[in-house]
Structures are given as structure tokens and as C-alpha cells.
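Naming convention: chains lettered A, B, ... in sequence-line order (proteins, then strands); numbering from 1 in each chain.
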Amino acid sequence: MGAYFSEIFYGLKSLAIGLGVTFKEFFKPVVTVPYPYKTIKMTERYRGHIELIENEEGEPKCVSCGMCQRACPSGCISLASKSVEYEVEVKGEMKTKKKKVLTKYDLNFTTCSLCGQCVESCNFGAVTFSKDYNLASSRKEDFHFDLLKRLKERNS
Amino acid sequence: MSGPIHIRPDETFTLNVGPQHPATHGVLRVKMEMDGEYIVKAETVLGYIHRMHELMGENRTYPQVLPNLSRLDYLGALGYTHGHVLVIERAAGIEVPERAEYIRAITVELNRIASHLFWFGAFVMDLGGFTPLMYAIQDREHILDLLEAVTGSRLTYCYYRFGGLYNDVDDDFIAATKAVIPMLRKSLKKYDALVTGNIIFMKRLEGIGPISAEMCRKYGATGPVARGAGIDFDVRKNEPYSVYPEFDFDVPVYHECDSLARYKVRMDEMEQSLRIIEQGIEKLPDGPIMPKKKPKLIKPPKGDYYQAVETARGSFGIRIVSDGTKNAYRFKLRSPTYSNMSLFDEACEGMMIMDALAMMGSLDLVIPEIDR
Ligand code: SF4
Ligand code: SF4
């Protein structure tokens, strides 16, 4: 009989303690952010989808070596280039030289795992992570990014 | 046309728990043969989200598999990637700078606390209490913020590299971690008051869902499940790896074998992880985070390599058979939850369904990790 009452007493006490905890919590400041109206600034190292980096002239730094394409585990980078001839002055003479120019740099973000292999494998520092995260869409095509176009849009 | 359904007393019926069921925390299906509220026989059906991580490990180069490991267990991902980098480093003979190892230990332990916190919330929610989940997620958020600042992602980290780390931690991280530790200690006390002492909670778990030490041995259960059955086994202590021998911490063991024991093990483990983080920050040496000499192409010599690590869910083993090329010949993952789940069929026989679901919660299941 005594055990029965002591259990009831213990039960009531434990419930009161629990209520005390939630009651105190009730007066604490709100910690959440009302998302669409307010957003949080992403940290320095946040890894969004990748982005091309431009050089001083506003052209992509990329030399189309294809290292990133080969390093990517998901095969989501596809790039193309053409070689153009240009003239340089070497020892007073005009010479024509060839260089590769990036014509296409597509990212299929649907399969990207944000691993960073592409960024690390690039020896020219030509790709980096963006800070984009508001990327919701119901269409798959919206996640095929033309990074070259994005770069041009950013510059214009 | 529908009238009341009459079930004869000797008749059993089949109940499908899952594949879409809130109590299984993922796409797991348990086919239960029920006699009223009692389980006669249960059969776990796995494989709904099998993604062939092992095969992917075999037809990709070693660095390309790095992101896969964090997709196994989305709650405690760093522990799994830790095992992966350790085995490759041993196979390829790469030296790891001390600073990198310390940072790994600190981040793994932070991740373990985050995982346990989430489990705590979800477990109490399984039992019908919703509020603790909110508190637990709020505390976990602080840890995720810390990890996001150094790793760049919140759940599926890809932070460790063969030989070291992706990038170094800064003073902000150290200061913020130091601030988070006392805050978490306070929260753990709060959880104790709110949940552990609660009479309803105790009545639901005490003596319910027995998993004996023999059963653990039979099915290879590890981690908090085994430690709640009185088996004193923790890979960090029994087969020390990384810098764990440098730390002073205890392995909580309970002998009651019931759901409450497993709960208590995890709650105590969080405190121990906090101790490891404290010591790690104190001892954190200066220096590089990547070795000076590192092979450009990872090609471990021919051989068979195995490494076990203690993750939040138990002992995770990774075996790599190398044939000397840049892909692994065999890539085998031994995931702890798979073994822990295997004993469920036998353990839940004859139990009430609500008790069985409480026991399932106490196993701390993460389905992608079972299915790999
Ligand atoms: S982050 Fe990884 S998966 Fe994404 S494009 Fe780069 S290499 Fe490919
Ligand atoms: S982004 Fe870098 S690695 Fe990729 S093609 Fe361009 S230069 Fe090469």
C-alpha cells in the first residue's frame, strides 16, 4: 500500500518537474527565422553548386583542360572548347599562336553530390562553390546550369 | 456492404509496418503476424533504398568514393568518412599530421552528439512526447552550425581527405565549440529532468524490449545496443585508432538489457563525447593539416585492409581489397545498424506492438545505412 502511494507521489512529482522545464522554456526568445521573409547568411565555406571564376578581363579563368570533368564522381560536368588563333609579338615579330577557349561549361546539378573534387582538382583556380541555396523547383531542367552564361550575366 | 470484421480468437492477421511508417524513420518494412496486439512473428524486409554503395566503391577511383561514405548515415556521417580515410591511409602508407587527427576526433565527437541528440528527440517522439524533439533539434542546430562553418555542409559532409582535411579550423570554431560545451551540459541536465525521470517514460521502457548479451553476440550487434546489454565493447577503447588513446573517457555500460538501458547508454555517451572534445581542444597542436609528401594518385599496394571505427550507431567496419590499381577490387561495408536490426525479428516475438516499436526506436535505426 505504501509503495502504491509513493509511486503516485513520485509520478506527480516527475510530471511537475517536466512541466517546470517546459514552462521556463516558454519564456525564452524565439530561435527560428521566418524563412521566406528572413534568410540566414551562408558561412564562408558553404558549398553550393559550382561556379566559374573570371580573370581580370572578365573571361573565364578556365583553360578547358578537363581535369574537373575527369575528377567528378558523378559525371555532371560537361565542357567543350574550340581553339582560336591569336597573334603575339615575340622578339619584334608577329607570330600566330593557338589557345583553347571555353565554349560550353554545363553542370548537371541533379546528380552533383557537392563533394568538391572538381574544385580541388583544378590547377588554375577556375571553379569555386557559390552561395546559392534558394534552388527549389519542380522541373528537372532548372538544375542544368550553363555556367558560362551565368558568368557572362554576372559580368554584364 | 461492410459490416464489422470478426476475427476468431485463434486467427492471426498480418500487419505491415512500413515501408512508409513514421515509427521506422525511413523506408523499412516489417511484416508482422499479429494475434490481437501481440506479435507472433515478425519479418524485416530490407532493400527499399539500396543504392549499391559497395559497387560504386569498386568502379570509381579512391578519391571519388569519398562523398559516398557520408551518404550512409545522414545523422552521424563523419564517423563513417573517418573509417574510410583511415583504411586508405593505412593501405597507401600516408602519414597524417597530428593536428588533422585531433580535428577529426573533435568533429567526429561533435557529430556523435548531434546524432544522439536527434535520436533522443525522435525516440521520445516515438513514445508520444513531442516537445523534447524540439529542444533536441534546437541544441543539435548549434552543433550543425559549428560543423557547417568548418566543413561547408550540414549533413553529408565531405571533409576528410586521404592524409588530412579539406581545410583547417579557425579560432572562431574553437571559441564557439568552447561555448557550446557548457550549453550542452546544461541541456543534458534539462533532458534528465524532463524525460529520464518522467514516470510515463520509465513505465514504457523499464524491463521492456529485452536484448540479452547472447543475442547481441549471435547477431553481431554493437554500439549502444550491446553496451546496454552489459557488453563492454567500444572500438575506440578496444582497438584504439586515430588519437583516441590520448583521451581520457569512459565507456558507459548498463546491464539491464532493456530499452531504458540503451537510452541511458546514449545519454551518458554524450557527456563522454563532450569530455573528449574538451580534451581535444586543449591538446590541439599547431601544424599542417595535410602531409608534405602525398602520392598524387592513390594506388594502395596489393592486399586486404580492414578498419573498424566506433560510429554513433556502433562498430562500422570497412574492408578494402586492393589489386594495385586506382580502383578497389572489393569494397565492403559492415554497417552497425544492419546487425542491430537483424535481432529485431527474434527479439520482438511475443511482445505487444507498442513495446516492439519502442524497442525499435531504442535501436537507433538509420535506414540508408542498413541498405547502403
Ligand atoms: S562537386 Fe563533385 S559531384 Fe559536383 S560537379 Fe564537382 S566533382 Fe562533380
Ligand atoms: S575548370 Fe579548371 S580543371 Fe576544369 S577544365 Fe577548367 S581549368 Fe581545367
Is it the case that over 12 heavy atoms from other parts of the model lie below 6.0 angstrom from the [atom1] atom of [X]?
{"X": "F9(A)", "atom1": "CZ", "answer": "no"}
{"X": "F27(A)", "atom1": "CZ", "answer": "yes"}
{"X": "Y329(B)", "atom1": "OH", "answer": "no"}

With a 4.5 Å heavy-atom cut-off, do [X] and [Y] have their side chains touching?
{"X": "Y46(A)", "Y": "R154(B)", "value": "no"}
{"X": "L15(A)", "Y": "I200(B)", "value": "yes"}
{"X": "R45(A)", "Y": "Y166(B)", "value": "no"}
{"X": "V21(A)", "Y": "Y191(B)", "value": "no"}
{"X": "Y157(B)", "Y": "R47(A)", "value": "no"}

Checklist entry - Which is it for T43(A) and D145(B) under the side chain to side chain contact (heavy atoms under 4.5 Å, CB included) test, yes or no, and what are the steps along the way? => result CA-CA 9 Å; T43(A) 54; D145(B) 282 347; over 6 Å; no

Item to check | Heavy-atom pair count under 4.5 Å with chain A, highest-scoring of S153(B), A193(B), G152(B), A149(B) | outcome: G152(B)

Checklist entry - chain A contacts: which residues in residues 167-190 of chain B have a non-hydrogen atom closer than 4.5 Å to it? => result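 N167(B), D168(B), K190(B) fall under the 4.5 Å cut-off.
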
Item to check | Residue-level interface, residues 61-77 of chain B with chain A, non-hydrogen cut-off under 4.5 Å | outcome: P63(B), Q64(B), L66(B), P67(B), R71(B)

Checklist entry - Picking from E7(A), K13(A), E44(A), K24(A), which has the most non-hydrogen pairs under 4.5 angstrom with chain B? => result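 Sorted descending by pairs with chain B, the first entry is E7(A).
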
Next on the checklist: Just so I understand: if I count every heavy-atom pair under 4.5 Å between each of G48(A), G116(A), S113(A) and chain B, which residue has the most?
Outcome noted: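 So the answer, after comparing G48(A), G116(A), S113(A), is S113(A).
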
Checklist entry - Roughly how far apart are L194(B) CG and I17(A) CD1, rounded to 0.5 Å? => result 10.0 Å

Item to check | M42(A) vs E148(B), side chain to side chain contact (heavy atoms under 4.5 Å, CB included): CA-CA, chis, key distance, verdict | outcome: CA-CA 9 Å; M42(A) 284 294 114; E148(B) 186 191 350; 3.8 Å; yes

Item to check | Proximity breakdown for M56(B) and chain A, heavy-atom pairs closer than 4.5 Å | outcome: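 The answer is neither part of M56(B).
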
Item to check | Residue F201(B) versus chain A: region with a heavy atom under 4.5 Å | outcome: neither

Item to check | chain B contact via E120(A) - side chain, backbone, both or neither, heavy atoms under 4.5 Å | outcome: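 For E120(A), side-chain heavy atoms alone lie under 4.5 Å from chain B.
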
